[in-house]
Amino acid sequence: MKIHEYQAKSLLAKHGMAIPRGEMAFNPEDIALAAEKLGGQTWVVKAQIHAGGRGKAGGVKVCKTKDALEKEGRNILGMTLVSPQTGPQGRVVKKVLVEEGLDIKKELYFSMLVDRSNKSLVALASTEGGMEIEEVAANHPDKIIREEADPVLGFRPFQGARLAYRLGLDKIDPKLVRAMSGLLLSAYRVFTEEDASMIEINPLVITKNNQLLALDAKITLDDNALFRHPDNVAFRDLDEEETLEVEAADAGLNYIRLEGNIGCMVNGAGLAMATMDMIQAHGGKPANFLDVGGTADQKRVETAFRIITKDPNVKCILINIFGGIVRCDLVAEGVVAAFKNLHMGIPVVVRLEGTNADKALTIIQQAGLSGKLIQAQGLKEAAEKSVHAASGQ
Ligand code: GDP
Ligand code: MN
């Protein structure tokens, strides 16, 4: 689960990391109040959306007067922010974070994630903060410094100190070595105690008076561990999630929306991936990933149909079910009933394989829906027929 910058910063602060002072604003009136509370001469107003690249897109503004802050804040609240990470449709900004403005001496990069090949947690740091780390990784891989956590002991204080020396922080101020050491341990506590799967602080800044602070923060929490953190569940922001995905999750379906026009209904994640590959290999584009799970009964098929067809791009649906434990004839009955119940207006290609597949075939043939409910044998034929049906020819 992704969370907002202000929420991520609250977790960092909870585990001892220094962050700028800030106040949230949910409507224009809150902005002046926030400046009042914070005091000072400079403020930064930051759009809170689940995507980075806000700075370049106009979602982060440094303001030197209260008037400027109110003007920029009003402008950002409600704007549709389009950054390389939001997709072309952008995101509507519903809240902003107002922070004290800091005098920045240096911007660094810091992150912590799981290195699967190494079976360990890894901390990455770079002197090239503020920019996209992918760019640094591609052009100056030597500028990314790594520290790996011991699986039993975790990160140890000397590793933070070593990061600081390798980043040259001791030359700016020797006390930054200890600060960096503390920061690494704080990040490790956030990672393990909050069950995070990724922490990124870009930029991590050194201010003019040599304070080390997390100026930006992005944290992803592990969905599978959320039950252990009732406080963190409250971080969920449904405004930031795809509505169809939320609806599908509530129905217990594994659904991810994509950009194509062929809806997919498949049992099993592996088969769903193979189905999407097959569609692609035949020149089509899947509109979604959908794993209906082990019980492809009429109710689930209906729910899945309903969710898939809410996406206006869908021109055809491909049902690919392998009957291992499920019986294909029952699935076929469910498909026919759901098809009739929902008055499906688009063609549906059905490929059923496994237990009672022959009975299923008879059920589909006798349903009297020829032209609309298209039966296919084998995945290849199913892909071909759905690509053809989606093209509308
Ligand atoms: P992102 O573009 O979504 O990653 O948003 P960031 O939080 O990283 O902000 C983008 C940039 O705004 C930072 O890299 C800083 O250069 C600048 N910025 C953010 N807060 C401050 C601040 O308090 N003072 C100054 N001078 N610059 C800031
Ligand atoms: Mn950033």
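Start at 1 and go down the list; that is how both ligands and their atoms are numbered. Values reported hereafter were calculated over all heavy atoms of this structure, with side chains retained and with hydrogens, waters and symmetry mates removed.
- H50 and D237 share no side-chain donor-acceptor pair at under 3.5 Å.
- With salt bridges taken as basic N to acidic carboxylate O contacts below 4.0 Å, one links E5 and K46.
- Applying the side chain to side chain donor-acceptor pair (under 3.5 Å) test to every pair with at least one member in residues 274-285, sequence neighbours left out, gives these pairs: T275-N320.
- Judged as a side chain to side chain donor-acceptor pair (under 3.5 Å), not a single pair has a partner in residues 17-38 (not counting sequence neighbours).
- Between K56 and E132 there is a salt bridge, with a side-chain nitrogen of the basic residue lying less than 4.0 Å from a carboxylate oxygen of the acidic one.
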Just the distances, no angles: every ligand 1 N or O to protein N or O pair closer than 3.5 Å, one line each.
{"unit_1": "ligand 1", "atom_1": "2 (O)", "unit_2": "R54", "atom_2": "N", "d": "3.2"}
{"unit_1": "ligand 1", "atom_1": "2 (O)", "unit_2": "G55", "atom_2": "N", "d": "2.8"}
{"unit_1": "ligand 1", "atom_1": "3 (O)", "unit_2": "G53", "atom_2": "N", "d": "3.3"}
{"unit_1": "ligand 1", "atom_1": "3 (O)", "unit_2": "R54", "atom_2": "N", "d": "2.9"}
{"unit_1": "ligand 1", "atom_1": "3 (O)", "unit_2": "R54", "atom_2": "NE", "d": "2.7"}
{"unit_1": "ligand 1", "atom_1": "3 (O)", "unit_2": "R54", "atom_2": "NH2", "d": "3.4"}
{"unit_1": "ligand 1", "atom_1": "4 (O)", "unit_2": "D216", "atom_2": "OD2", "d": "3.1"}
{"unit_1": "ligand 1", "atom_1": "5 (O)", "unit_2": "R54", "atom_2": "NH2", "d": "3.2"}
{"unit_1": "ligand 1", "atom_1": "7 (O)", "unit_2": "K46", "atom_2": "NZ", "d": "2.6"}
{"unit_1": "ligand 1", "atom_1": "7 (O)", "unit_2": "R54", "atom_2": "NH2", "d": "3.3"}
{"unit_1": "ligand 1", "atom_1": "7 (O)", "unit_2": "D216", "atom_2": "OD2", "d": "3.3"}
{"unit_1": "ligand 1", "atom_1": "8 (O)", "unit_2": "N202", "atom_2": "O", "d": "3.2"}
{"unit_1": "ligand 1", "atom_1": "8 (O)", "unit_2": "D216", "atom_2": "OD2", "d": "3.0"}
{"unit_1": "ligand 1", "atom_1": "14 (O)", "unit_2": "E107", "atom_2": "OE1", "d": "3.3"}
{"unit_1": "ligand 1", "atom_1": "14 (O)", "unit_2": "E107", "atom_2": "OE2", "d": "3.4"}
{"unit_1": "ligand 1", "atom_1": "16 (O)", "unit_2": "E107", "atom_2": "OE2", "d": "2.5"}
{"unit_1": "ligand 1", "atom_1": "23 (O)", "unit_2": "L102", "atom_2": "N", "d": "3.1"}
{"unit_1": "ligand 1", "atom_1": "24 (N)", "unit_2": "L102", "atom_2": "O", "d": "3.1"}
{"unit_1": "ligand 1", "atom_1": "26 (N)", "unit_2": "L102", "atom_2": "O", "d": "3.4"}

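- Checked for salt-bridge contact, E241 and R236 meet the test: a charged N lies under 4.0 Å from a carboxylate O.
- Classification of E147 and R162 as a salt-bridged pair holds, one side-chain N sitting under 4.0 Å from a carboxylate O.
- Looking at E240 and K2, no side-chain N of the basic residue comes within less than 4.0 Å of a carboxylate O on the acidic one, giving no salt bridge.
- For the pair K9 and D216, the salt-bridge criterion is not met [side-chain N within less than 4.0 Å of a carboxylate O].
- Near the Mn ion (ligand 2), less than 2.8 Å away, sit the protein N, O or S atoms N202 O, D216 OD2.
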